[in-house]
Amino acid sequence: MHPIAQPRRRQLLQAAALGVAVLSTGCASVSTAARPRVVVVGGGWGGLGAVRGLLATAAADVTLVEPNEAFMSCPLSAHFIAGHQPATDFQRSYSRVDQLGARRVRERVLEIDRTSKMVVTATQRLPYDFLVLSPGVDYMEDGIQGYAEARAQLPVGFRAFEQMAVRQQVDEFLAKGGDFVISAPKPPYRCPPAPYERAFLIAEQMKQRGTKGKIILIDANPNPMPPAIAQPILKGMKGLYANQIEYLTDTSISAVDMGKRQLVTSSGDVPFAHANLILPMRAPALIRQAGLGERWANIRLPSFQSQVDDRIYVIGDSQGTPLPKSGHVAFGSGQRVAEAIAERIAGKSPVVSTGAVDLPLGICWANVTHKEAININVSGTVMAGEPPKLKFTVDAEANARSGAAAVSWGNGMWKAMLG
């Protein structure tokens, strides 16, 4: 199946039906005069999936709230971080979304007033009939003593445009050498293969440039995450970068001392010249402020509705389910939610499924070299009242075919979102 192909109509209708089954008001249309208002918070992969789906149905007035003026992809951006490609390869304008009729508000959301059905920014109160939240992730800085004071010198780079600061660290390391620390936290976190991919692509540059030093990959897990990718990741690490990467497993970081340039870990103190500490993650504070969950938003599958407010959908990496926190899942869930909202607006009768419903497909790529990658596919189903079941299909080793497919996938997804 093509990466951006839509799920079958029947499956979408089943998902939409299950999403509205809890409504006490039945299937009545939610608006009589003006079109219903849908506010989408977050202009990343999930938010754009929802916006494009909603605009295609022409069922609602759509407002996108996103503080950044432009889009930058986190998926595939490791090629920029490691110095293989320019940042412009991963950036796009929101102009197409504007042309299609979405209202775009370039502000941060400060509060969600669920009682009044308002999204509050610094200058506006935006009313909604339905709210789609795709605010991404936040970092759990308090897990490492001293990190908050060292934040500017230790950028994480797992949110749009933060990659620029990590690239500066990498450029200095490649020019001067020394020890470069990259850490991988315990899941769940955004894009689990990313720490290993960053280490690989930087190590490739070390070999090409003759950089003296090593990458110390500190993993809080016993093996690369998720478990399905462990063997091909380890094969790439040992086969290509045995002299560049030192891999420490089952090692947690408790403190950082920037004066000594030293990390305190469960395996002893680790000195470093540069570091990219990838912190444990959670949903942004907005989710907790709105009472939608603690670390992650509590939602129902397959509808992605909040467990406490059926007018609110949470998609992307803020939702707390076993689904991979990946761009492709976010985009697919955004499209699915757009379809469900359109069905609710139309007042169509629900068709309750008695069997398993397909969940948005996860497609991911972990590059081992600039040209070779490991393809990771995750399919999932869910039945009412049961946890989702996931199936992983992973390349046995990195290969050029998957490397080329990753580029093609990225271009296709960016076109679907912003083309």
Side-chain angles (χ1 to χ4, degrees), residues 72-91 139 144 146-185 191 193-219 233 236-248 251 253 255-265 269-279 366-373 398 403 406-407:
M72 183 166 186
S73 177
C74 289
L76 298 179
S77 67
H79 295 280
F80 161 69
I81 287 172
H84 291 282
Q85 292 179 238
T88 51
D89 284 359
F90 308 101
Q91 296 174 352
Y139 306 133
I144 299 179
Y147 180 84
E149 294 78 12
R151 183 188 304 118
Q153 301 173 74
L154 298 173
V156 178
F158 266 54
R159 297 180 296 209
F161 295 98
E162 292 180 352
Q163 299 97 328
M164 310 300 183
V166 181
R167 170 65 181 270
Q168 291 178 354
Q169 297 281 324
V170 173
D171 285 346
E172 290 181 16
F173 165 69
L174 292 172
K176 298 177 182 179
D179 291 340
F180 190 106
V181 169
I182 298 176
S183 66
C191 191
Y196 316 105
E197 181 181 54
R198 288 187 182 184
F200 288 154
L201 295 182
I202 297 169
E204 182 181 21
Q205 288 280 45
M206 290 177 66
K207 293 175 71 172
Q208 293 174 355
R209 300 187 188 191
T211 300
K212 303 298 182 182
K214 62 184 175 182
I215 295 169
I216 304 173
L217 180 52
I218 300 178
D219 199 335
I233 291 290
M237 195 182 302
K238 295 173 182 177
L240 292 173
Y241 305 116
N243 295 327
Q244 286 77 33
I245 298 177
E246 178 182 344
Y247 185 40
L248 302 180
T251 300
I253 301 172
V256 56
D257 186 330
M258 286 304 297
K260 296 180 179 179
R261 300 194 82 82
Q262 183 171 276
L263 298 172
V264 179
T265 83
D269 293 344
V270 177
F272 64 91
H274 299 88
N276 178 206
L277 302 187
I278 299 170
L279 303 180
N367 275 79
V368 173
T369 72
H370 181 50
K371 296 293 186 182
E372 297 176 313
V407 175

| message | Using the rule given for side chain to side chain contact (heavy atoms under 4.5 Å, CB included), can you reason through L279 versus F158, listing the C-alpha separation, both sets of side-chain angles and the distance that settles it, and then say yes or no? | response | CA-CA 9 Å; L279 303 180; F158 266 54; over 6 Å; no
Measure the spacing between [atom1] of [X] and [atom2] of [Y] and express it to the nearest 0.5 Å.
X    : Y    : atom1 : atom2 : result
F90  : L76  : CZ    : CG    : 6.0 Å
L248 : L217 : CG    : CG    : 8.0 Å
L174 : T211 : CG    : OG1   : 4.5 Å
N367 : F200 : CG    : CZ    : 10.5 Å
I182 : D219 : CD1   : CG    : 11.5 Å
D179 : R261 : CG    : CZ    : 11.5 Å

| request: Compute whether any side-chain donor of one residue and acceptor of the other, for D89 and H79, lie under 3.5 angstrom apart. | output: no
Measuring only between side-chain heavy atoms, which start at C-beta, is [X] closer than 4.5 Å to [Y]?
X    : Y    : value
L263 : L277 : yes
V181 : I218 : yes
F80  : M72  : yes
D257 : D269 : no

| How would you list, by chain and number, every residue that makes a ring pair (Phe, Tyr, Trp, His ring centres under 6.0 Å) with F180, sequence neighbours excluded? | F173
| Y139: ring pair (Phe, Tyr, Trp, His ring centres under 6.0 Å) partners, not counting sequence neighbours | none
Has the side chain of [X] got a donor or acceptor atom that lies under 3.5 Å from a matching backbone atom of [Y]?
X    : Y    : answer
T369 : E372 : yes
Q169 : Q153 : yes
Q205 : G83  : yes
Y241 : V368 : yes
H274 : E172 : no

Looking only at heavy atoms, what is the nearest atom pair of [X] and [Y], with distance?
X    : Y    : result
I215 : A199 : CD1-O, 3.4 Å
C74  : A160 : SG-N, 3.7 Å
Q163 : S73  : NE2-O, 3.4 Å
A87  : M164 : CB-CE, 3.9 Å

| query | Which residues satisfy the salt bridge (charged side-chain N to carboxylate O under 4.0 Å, His left out) test with R167, sequence neighbours excluded? | reply | D171
| request: For the residue pair H370 and H84, categorise the inter-ring angle as parallel (less than 30°), tilted (30 to 60°) or perpendicular (more than 60°). | output: parallel
| Are Y196 and I245 close enough, and set up right, to give a side chain to side chain contact (heavy atoms under 4.5 Å, CB included), and what steps lead you there? | CA-CA 10 Å; Y196 316 105; I245 298 177; over 6 Å; no
| query | Of all residues at least two apart in sequence or in a different chain, which pass the side-chain hydrogen bond (donor to acceptor under 3.5 Å, both in side chains) check with S183? | reply | none
| request: Apply side-chain contact (heavy atoms from CB on, under 4.5 Å) to E149 and list each qualifying residue two or more places apart in sequence or on a separate chain. | output: none
| task | Provide the full list of salt bridge (Lys or Arg N to Asp or Glu O under 4.0 Å) pairs with a residue in residues 197-211, sequence neighbours left out, each pair given once. | result | none
